[in-house]
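Here the structure is laid out as structure tokens; the discussion comes afterwards.
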Amino acid sequence: MTPLTISYERCVLNALLDDPDSSFAEQFANLDFHDAEDERACLEYLRSLLESLTECAAWKSSTEARVSVYGEFTCDGEGFPTGNGLTMQVFLDSFGICDVGIDSVWQLPLGEEFTVFDLIDGTVAYFNELVRRLTGLLCPPPARSLALSVFPPDVVCSEATEDPHLSDVERARLRAATDEQIANAIDQAWPAVEDRWYAIHDELQHAAVRSLVHE
């Protein structure tokens, strides 16, 4: 199944930046995206820009679904902020997809220097990756190998947050790896464990049969 993708009308963003009643262009010029002390302000800028694009009906999808995108800062059960994390949501008609939150715009696919258009392009790419992964979970294609049917790429992806022994650089590399790169790595590693997997398979099968026939 081909995943749905979202995009936006670039002319609408351009109009927002050129609008004399809007301060988006000026705000962007005054923000230092490399300064950790400006992280909250940078995320607030992104949140506000996403909301304005939604109000201007700038979002569209590869289907006929109506698209709206929002961002909200992470809060506890009583509504108090729990940090600088920005949770983003994309709604396709009445169906919504929410991410786990970003603590910095640098968690989006951005270059070292970027424009406002690059910032929104990175957000779009981020959302399209979420939709692609969700589509893969709900409508998984047949595994191309035994290794991938036993050990899907998502298991490796989760190590970016769960493995305490990875350095920040290693975590960034793992997050940046595509599913195809991870699948290739699993296939390459499989021969080293294949015999043990078959042994465990046979042992489990034998134990299950013994348990059933001796009830």
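Not measured: the values here are computed from a predicted model.
- Phe33 meets the ring pair (Phe, Tyr, Trp, His ring centres under 6.0 Å) test with Phe28, Phe114; sequence neighbours excluded.
- Note on Arg173 versus Glu170: no salt bridge recorded, every NZ/NE/NH1/NH2 to OD/OE distance being 4.0 Å or above.
- Ile120 is not listed as a side-chain neighbour of Arg10, based on a closest heavy-atom distance of 4.5 Å or more.
- One finds the CG atom of Leu13 at 6.5 Å from the CG atom of Leu16 (value rounded to the nearest 0.5 Å).
- Here the side chains of Val69 and Val124 are not in contact, with every heavy-atom distance at 4.5 Å or above.
- Among residues two or more places apart in sequence or in another chain, the ring pair (Phe, Tyr, Trp, His ring centres under 6.0 Å) test is passed with Trp190 by Trp197.
- Annotation: Asp168, atom CG; neighbour count of heavy atoms from other residues, nucleotides and ligands within 6.0 Å does not exceed 12.
- Within the 4.5 Å cutoff, no side-chain heavy atoms of Val90 are placed close to those of Trp59.
- The shortest side-chain heavy-atom distance between Thr87 and Val100 does not fall under the 4.5 Å cut-off.
- Classified by interplanar angle (parallel below 30°, tilted 30° to 60°, perpendicular above 60°), the ring pair Trp106/His34 is tilted.
- Using a cut-off of 4.0 Å between Lys/Arg side-chain N and Asp/Glu carboxylate O, Arg40 and Glu44 are scored as not salt-bridged.
- Between atom OG1 of residue Thr5 and atom CG of residue Asn128 there is a gap of 5.5 Å, rounded to the nearest 0.5 Å.
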